[in-house]
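Presented below is the structure to which this report refers.
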There are 2 protein chains.
Amino acid sequence: MATIEDVAKLAGLSRTTVSRVINDQPYVTEEKKQRIIQAMKQLGYVPNSSARRLRSQKTETIAVLLPRVTNPFYGNLIEAMEERASELGYQVIVCQTHDSKQKELDYLQLLHTKQVDGVVMTSVINEWEEIEPFLQSGPIVLCNEYRAESQVSMVHMDHRLAAYESTMHLIEQGCRRIAYVSGGRESHVSFERKLGFTEALQEKAITFHTEMVIDWAENVQDGQRAFYDLTENFPEVDGIFTGSDEVAAGIIYEAGQSAWKIPGDIAVTGFDNQMLSLLMVPSITTISQPVREMAEKTIEVLYSQIVHKKVYQPSRYVYDHHLLVRNSSKRKTLSFQ
Amino acid sequence: MATIEDVAKLAGLSRTTVSRVINDQPYVTEEKKQRIIQAMKQLGYVPNSSARRLRSQKTETIAVLLPRVTNPFYGNLIEAMEERASELGYQVIVCQTHDSKQKELDYLQLLHTKQVDGVVMTSVINEWEEIEPFLQSGPIVLCNEYRAESQVSMVHMDHRLAAYESTMHLIEQGCRRIAYVSGGRESHVSFERKLGFTEALQEKAITFHTEMVIDWAENVQDGQRAFYDLTENFPEVDGIFTGSDEVAAGIIYEAGQSAWKIPGDIAVTGFDNQMLSLLMVPSITTISQPVREMAEKTIEVLYSQIVHKKVYQPSRYVYDHHLLVRNSSKRKTLSFQ
């Protein structure tokens, strides 16, 4: 790899002059500038961004904290964030918390030690009072997650309304004994979704069977287990709301190995509109989140906070979702009008 | 958040004494030690790991470079690496290169600027001579990828043999006009796979139709497109080797929307044994990689290089795979014995 010294030597100029050109500083004649640019091209020299970073006291790095990359929702979110960050000259490092309080705090230390300029949190495991002190070291923006008590910007969709619409759809398809299957974490997102679910039931005067709530289902295997738990213990189940396409896929896969028909016997909804929801047979009714828009907004808000330092107003950006009705819940004849 | 000063105050002891206990140093009586531990518990004080890191000149952080987290193979690899690293007291940051030479070099700068202690590369985009200088700043281990010319440790499986077995299986199922569908990158992994594919054809004296090679297919959408390309331009196609379960899933999905039968008209194989390969109808014949074992070995090798510095011999660890025959290629009657 060519160094700044190599460039200086080839151009027949001092290291300082080369450095001035790289950093776009004044007092270099156009002729010298062109000689240096030629030398850089000839040697394939790329300015050392870390050196530039050290000078500017910026790392030009953003850390994105998320539970786990194997969840495609977060994978897609990261993809879109990285693309936007890259356009703004920032690199992104991904940190998996695995829903561990300690890991979350450890990764937030990256702010404290100035290893990153800002942090995006897509979930919050600790109490907000544990997170707040880190704001003295740099900006944090919440994406997907929201916490009313935090004084930071938040970008998310209305999970309560999405769950309400999804549940209302199951009711319209004739479901009356609907199970609620979601992930284990006590997040605000889960709380809001459950609220939307119960509101829909209440509105249609349908009993909420608390024993038909499963709160530990996060992936395909959990969905498979949930199918057996529900059909064995509550064979009257006729609808399942899930918080994830993976869980819904696990349920549909197991139903396919049994005598249960989807959606005839049980109508099922997923969440997130992953590719999997389209590939399954039957395809999965799901909620489409505006992942790209939320990711871009998050990066833009964080970027402007990094650049403008303390001069910002925390804002809240709420995005629209779409219910995509597919074969896992679309019954041909409705038993309820 | 409680500070070391708060702990000292509550315990009625000096900051130095508290610091000694935190860092497990001698010359503190058991009685004082217990007072400090009590005070730490009472205040919920967690020793600042970054301060500890600064003292030790270690970041206790490993960077893992990968093309993109949305590919479940890399997602699972990262999960297993992070688990093992965590047991060894290391945190992992994930860096997506998106197959960009510049991004790969930018992330390698994390070694140079001492932001991480070591790097795992799961793919290599640049020429090795571009990577090599970074070894002066810290250790690099290759996982999944391999480069004969590099003087670093490598952990991978035999992609040539895996592709050979997979292709041989298609031939045994009666396929004679077999398409080769893989990703776009000119990696050594791709090179080895194609070698195994052509070797199997040669051994059975079957023509290698170079026009039936697709080299741009990496995800489900690409698989959908590949299905149309192949069936329109080469309607005689009767077998498809793919380098990814996602691509195979895209092909199977589109076949399901058409008059083509899988495996009757076209037998298809995937790669990586993702959950998706089991969930598809028909389920996908695939290669199971020992992801967990490779991930753990990689972290252990890197860890020992970080700890022992220059005293290491670069080694190569080659892991076994398994061909899992499922319904996408299992024909009931064989036309070839």
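All values below were derived from every heavy atom in this structure, side-chain atoms included, with hydrogens, water molecules and symmetry-related copies excluded.
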### When A:I93, A:V64, A:N76, A:L279 are compared by non-hydrogen pairs under 4.5 Å with chain B, the top option
A:L279

#### Entry: Check against side chain to side chain contact (heavy atoms under 4.5 Å, CB included), B:Q96 and A:E79
CA-CA 9 Å; B:Q96 296 193 107; A:E79 279 291 307; 2.8 Å; yes

### Summary
Most contact-rich option vs chain A, by heavy-atom pairs under 4.5 angstrom, among B:L276, B:N219, B:I78, is B:I78

### Message
Other residues, nucleotides and ligands only: do more than 12 of their heavy atoms fall within 6.0 Å of NZ on A:K103?
### Response
yes

### Segment of B:L278 engaging chain A (4.5 angstrom heavy-atom cut-off)
both

### Query
So does A:Q151 have more than 12 non-hydrogen atoms from other groups sitting under 6.0 Å from CD?
no

### Task
Name the member of B:M280, B:Q221, B:E132, B:H98 that forms the most heavy-atom pairs with chain A at distances under 4.5 Å.
B:H98

### Task
Might you work through the side chain to side chain contact (heavy atoms under 4.5 Å, CB included) test for A:Q91 and B:Q109, ending with a clear yes or no?
CA-CA 12 Å; A:Q91 67 184 3; B:Q109 289 286 352; over 6 Å; no

### Message
For the CD atom of A:Q102 and the OG atom of B:S86, what is their distance to the nearest 0.5 Å?
### Response
10.0 Å

### Query
Which of the residues B:N71, B:V281, B:V92 is involved in the greatest number of heavy-atom pairs with chain A at under 4.5 angstrom?
B:V92

#### Entry: Residues, nucleotides or ligands: over 12 heavy atoms within 6.0 Å of A:E127 CD
no

### Message
Using the rule given for side chain to side chain contact (heavy atoms under 4.5 Å, CB included), can you reason through B:E246 versus A:M275, listing the C-alpha separation, both sets of side-chain angles and the distance that settles it, and then say yes or no?
### Response
CA-CA 10 Å; B:E246 280 74 41; A:M275 183 52 75; over 6 Å; no

## Note on the structure
Interatomic distance, CG@B:D106 vs CD@A:E60, rounded to 0.5 Å, equals 9.5 Å

### Task
Sort B:Y107 into side chain, backbone, both or neither according to what part of it lies under 4.5 angstrom from a heavy atom of chain A.
both

### Query
So which heavy atom on B:V69 is nearest to which on A:G75, and how close?
CG2-CA, 3.9 Å

